[in-house]
Amino acid sequence: MIKAVTGTKDILPSDIPKWKHLESVVQTIFKNFNYSEIRTPIFEETVLFARGIGEETDIVGKEMYTFLDKGQTSITLKPEMTASVVRAFIEHSLASKQPLYKLYYISPMFRQERPQAGRLRQFHQFGVEAIGSESPILDAEIIQIAYDILRRLGLKDLLVKINSLGIPESRENYKKELRHFLNDKKNKLSEDSQKRFDTNILRVFDSKIETDQELLKGAPILLDYLDEESKIYFNIVRNILREADIPFEIDTKLVRGLDYYAKTTFEIISGKVGSQNALCGGGRYDLLAEQLEGKPTPGVGFAAGIERILLACENEKTLSLPEEKLDFYIVTVGENLIEKVYNAASILRRRNFSVEFDYLDRSAKAQMREANKLNARFVIFFGGDEYSNGYFSLKNMQTGEQKQFPLEDLKTIVIE
RNA sequence: GUGAGCGUAGCUCAGUUGGUUAGAGCACCAGGUUGUGGCCCUGGGGGUCGUGGGUUCAAAUCCCAUCGCUCACCCCA
């Protein structure tokens, strides 16, 4: 049997209602905050991600779906959206059309990792990118958007974590201090952490190994090394969040894995999913546009994992979706009236009613069972008797009441 | 890339120390009402027990390999 590729999932008809519900909540809130949708291609030239996300990151280093096309160009299925959006922003000179763009997207992403709970190779994200302003209000705003969406989906077991990485200069100072602090303990660190000591020392904090965390006790704290401007900036973000009633926790170890972040970073985690507990994450990336050879343009954004959010919703049992209803089910039996039934259905369908009937030549009882399963509000009986006498029977499935009407009434009938 | 666990009907699972035609519930189809649902009853279809090899008189059951899935590490949405 040919199966879906490892780490990919079919979204079956029975899954669709919850996806539609999530999408509708997401779109409502983006509209409330006046964000406009952007759609970019599913693949890009590999260099975009290599330069935008950073050569040293795991995503670029070992997780991308990369291949050569027939023109020998290296192509990569997008592993995230920020680089693509900024690329489109630069390519179409959007900055010259209006100074600030508030954009959102919903799109599949691809990363070649080992699948586990909450982690797929093709997964879906929604997210925003606000490009063109360095106001801390936007940092707070996007955190609120993410938080509000999750709350509106009914999630409660949430933790908002925020941090500030400062500007590159202050971060460099801090790294120097941290390196100094860890230097004589270096050979006691785990192998991974020793590697990080050299490549990206901040990420030593991410280690889950106890001995590493022991060694980190008493380490200098990033927030203490922020430059004055970044400190004030971070204070404003926190104040706005407090006024918006968004509970948060400062996590000085929250260093996101993508190279382009500066100043604010944040993450919202759920206690109801597996170990992949980040439902969304993001931050400010004021230097990214330059890295992609655009004019210096500040930006801030987040991405949220749809499959993880739906998993959290299922585990918190937050989704009570309205049942799909069908307006009419037409039951026929005996005489071969299928074409007449089809015509009757057409009349109603063109009047915008949802209508179904039996294509499988099943018994009247089976048809009624089907009507019931489909939550039909009304059943139309249309058999030999009715047809030869020019009428149909209409049964209200809720009350069980049944009446007869002339066939002509199909063109005018109104329900409820 | 590393580690652990699990593969029996479409789905969730049972299958005793290896023993003869492999079961249940749900779902599906039909009948119980010669044209009428939800409950109930009866019957039916559907499985080379993941695959390949081995041990044995005999393997779903024991051994090996392989593939797949799941979870965790890593990393992240």
Side-chain angles (χ1 to χ4, degrees), chain A residues 1-7 9 12 14 53 56-63 78-82 106-127 146 150 190-193 195-196 200 203 206-209 254-258 267-270 273-282 301-312 326 329-335 337 358 360-387 392-402:
Chain A
M1 186 178 20
I2 298 173
K3 302 204 286 186
V5 173
T6 299
K9 283 264 188 291
L12 297 172
S14 55
I53 301 172
E56 299 301 314
T57 61
D58 279 18
I59 291 180
V60 173
K62 51 191 193 194
E63 295 172 4
K78 60 186 174 191
E80 59 111 48
M81 218 24 203
T82 304
I106 303 178
S107 172
M109 305 292 164
F110 306 85
R111 292 183 202 173
Q112 192 160 177
E113 299 181 87
R114 200 66 164 264
Q116 70 185 75
R119 188 165 76 188
L120 294 166
R121 289 184 173 178
Q122 178 177 173
F123 59 102
H124 297 77
Q125 293 184 329
F126 64 81
L150 297 176
S190 68
E191 200 180 318
D192 278 349
S193 291
K195 234 179 269 167
R196 291 178 190 148
N200 187 352
R203 311 225 30 244
D206 286 343
S207 174
K208 286 178 187 168
I209 296 165
L254 182 64
V255 182
R256 304 196 52 75
L258 288 68
E267 198 170 277
I268 303 180
I269 62 173
S270 163
V273 294
S275 66
Q276 304 302 315
N277 60 3
L279 300 188
C280 79
F302 76 78
I306 295 180
E307 284 86 351
R308 282 186 194 176
I309 292 170
L310 291 176
L311 191 62
L326 183 76
Y329 190 99
I330 305 179
V331 171
T332 189
V333 97
E335 333 289 318
L337 293 172
D358 178 54
L360 303 174
D361 200 27
R362 287 181 291 188
S363 66
K365 179 181 200 146
Q367 292 180 52
M368 283 303 290
R369 285 187 173 144
E370 181 77 359
N372 193 56
K373 200 165 67 183
L374 294 172
N375 277 315
R377 282 141 40 119
F378 293 91
V379 162
I380 290 174
F381 290 99
F382 193 56
D385 285 354
E386 284 91 347
Y387 181 62
F392 64 89
S393 301
L394 184 73
K395 176 167 183 167
N396 180 323
M397 290 294 275
Q398 185 123 43
T399 62
E401 197 182 1
Q402 190 166 326

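In what follows, every chain begins at residue 1, and chains take the letters A, B, ... in the order their sequences are listed. Scope of the values below: all heavy atoms of this structure, side chains included, with no hydrogens, waters or symmetry mates.
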With distance as the sole criterion, do the side chain of [X] and the base of [N] form a donor-acceptor contact below 3.5 Å?
X: A:Gln367; N: B:U36; result: no
X: A:Gln398; N: B:G37; result: no
X: A:Arg308; N: B:C76; result: yes

According to a strict under-4.0 Å criterion, is [X] in side-chain N/O contact with OP1 or OP2 of [N]?
X: A:Thr6; N: B:C69; result: yes
X: A:Arg114; N: B:C74; result: no
X: A:Thr332; N: B:G35; result: no
X: A:Lys62; N: B:U2; result: no
X: A:Lys373; N: B:C28; result: yes
X: A:Arg362; N: B:C29; result: yes

Could you work out which one of [options] sits closest to the side chain of [X]?
X: A:Lys365; options: B:G37, B:A30, B:C76; answer: B:G37
X: A:Lys3; options: B:C74, B:A72, B:G68; answer: B:G68
X: A:Met368; options: B:G32, B:C73, B:U36; answer: B:U36
X: A:Asp58; options: B:C74, B:A30, B:A72; answer: B:C74
X: A:Asn372; options: B:C73, B:G32, B:G38; answer: B:G38
X: A:Ser363; options: B:G35, B:A30, B:G37; answer: B:A30

Taking pairing as Watson-Crick or G-U wobble with both contacts under 3.5 Å, can you name the mate of [N], or confirm there isn't one?
N: B:C6; answer: B:G68
N: B:A22; answer: none
N: B:G44; answer: B:C28
N: B:A60; answer: none
N: B:U33; answer: none
N: B:U17; answer: none
N: B:G1; answer: B:C73

Please report the distance separating the [atom1] of [N] from the corresponding atom of [M], rounded so that it comes out in whole Å.
N: B:A27; M: B:G19; atom1: P; answer: 32 Å
N: B:G3; M: B:C74; atom1: P; answer: 15 Å
N: B:U20; M: B:C26; atom1: P; answer: 27 Å
N: B:C62; M: B:U17; atom1: C1'; answer: 12 Å
N: B:U16; M: B:A30; atom1: P; answer: 37 Å
N: B:U48; M: B:C71; atom1: P; answer: 27 Å
N: B:G23; M: B:G15; atom1: P; answer: 15 Å
N: B:C64; M: B:G7; atom1: P; answer: 15 Å

How many whole angstroms separate atom [atom1] of [X] from atom [atom2] of [N]?
X: A:Asn375; N: B:G38; atom1: CG; atom2: P; value: 14 Å
X: A:Met397; N: B:C39; atom1: CE; atom2: P; value: 12 Å
X: A:Gln116; N: B:G3; atom1: CD; atom2: C1'; value: 12 Å
X: A:Glu386; N: B:U36; atom1: CD; atom2: P; value: 12 Å
X: A:Arg369; N: B:C39; atom1: CZ; atom2: P; value: 9 Å
X: A:Glu63; N: B:C76; atom1: CD; atom2: C1'; value: 7 Å
X: A:Leu374; N: B:C28; atom1: CG; atom2: C1'; value: 15 Å
X: A:Asn277; N: B:C73; atom1: CG; atom2: C1'; value: 14 Å

>> I'd like to know if the side chain of A:Arg308 reaches the main chain of A:Gly118, judged simply by a donor and an acceptor atom lying under 3.5 Å from each other, with no hydrogens or angles considered.
In response: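 Answer holds: yes.
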
Using a 4.0 Å heavy-atom cut-off, does [X] contact any base of the nucleic acid, only the sugar-phosphate backbone, or nothing at all?
X: A:Ala303; answer: sugar-phosphate
X: A:Leu120; answer: base
X: A:Ala376; answer: nothing
X: A:Gly400; answer: base
X: A:Lys9; answer: sugar-phosphate
X: A:Phe381; answer: base
X: A:Gln112; answer: nothing

>> Quick check: on RNA chain B, is the nucleotide nearest A:Ser275 upstream (toward 5') of the one nearest A:Gly118, or the reverse? Name the residue that is more 5'.
In response: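 Its nearest nucleotide being more 5', the pick is A:Ser275.
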
>> By nearest heavy atom, map A:Thr399 and A:Asp361 onto RNA chain B; which one lands nearer the 5' end?
In response: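 On the 5' side of the pair lies A:Asp361.
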
> Listed by chain and number, what are the ring-ring contact (aromatic ring centres under 6.0 Å, His included) partners of A:Phe392, not counting sequence neighbours?
Replying inline: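 Once residues adjacent in sequence are excluded, the partners of A:Phe392 under the ring-ring contact (aromatic ring centres under 6.0 Å, His included) criterion are A:Phe405.
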
Would you give the length of the straight line joining atom [atom1] of [X] to atom [atom2] of [Y], rounded to the nearest 0.5 angstrom?
X: A:Met81; Y: A:Phe126; atom1: CE; atom2: CZ; result: 13.5 Å
X: A:Arg121; Y: A:Arg114; atom1: CZ; atom2: CZ; result: 7.5 Å
X: A:Leu310; Y: A:Glu307; atom1: CG; atom2: CD; result: 7.0 Å
X: A:Ile380; Y: A:Tyr329; atom1: CD1; atom2: OH; result: 12.5 Å

>> Do A:Glu267 and A:Leu254 make a side-chain contact, defined as non-hydrogen atoms from C-beta onward lying under 4.5 Å apart?
In response: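 In contact.
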
> Can you find a heavy atom in the side chain of A:Gln398 that is under 4.5 Å from one in the side chain of A:Arg377?
Replying inline: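 Not in contact.
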
>> Exactly one of A:His124, A:Glu80, A:Lys78, A:Gln125 should register a side chain to side chain donor-acceptor pair (under 3.5 Å) with A:Ser107. Which one does?
In response: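 It is A:Lys78; the other options fail the test.
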
> Heavy-atom count around A:Asp361 CG within 6.0 Å, excluding the residue itself: above 12?
Replying inline: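 Atom CG in A:Asp361 is not crowded, with 12 or fewer foreign heavy atoms closer than 6.0 Å.
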
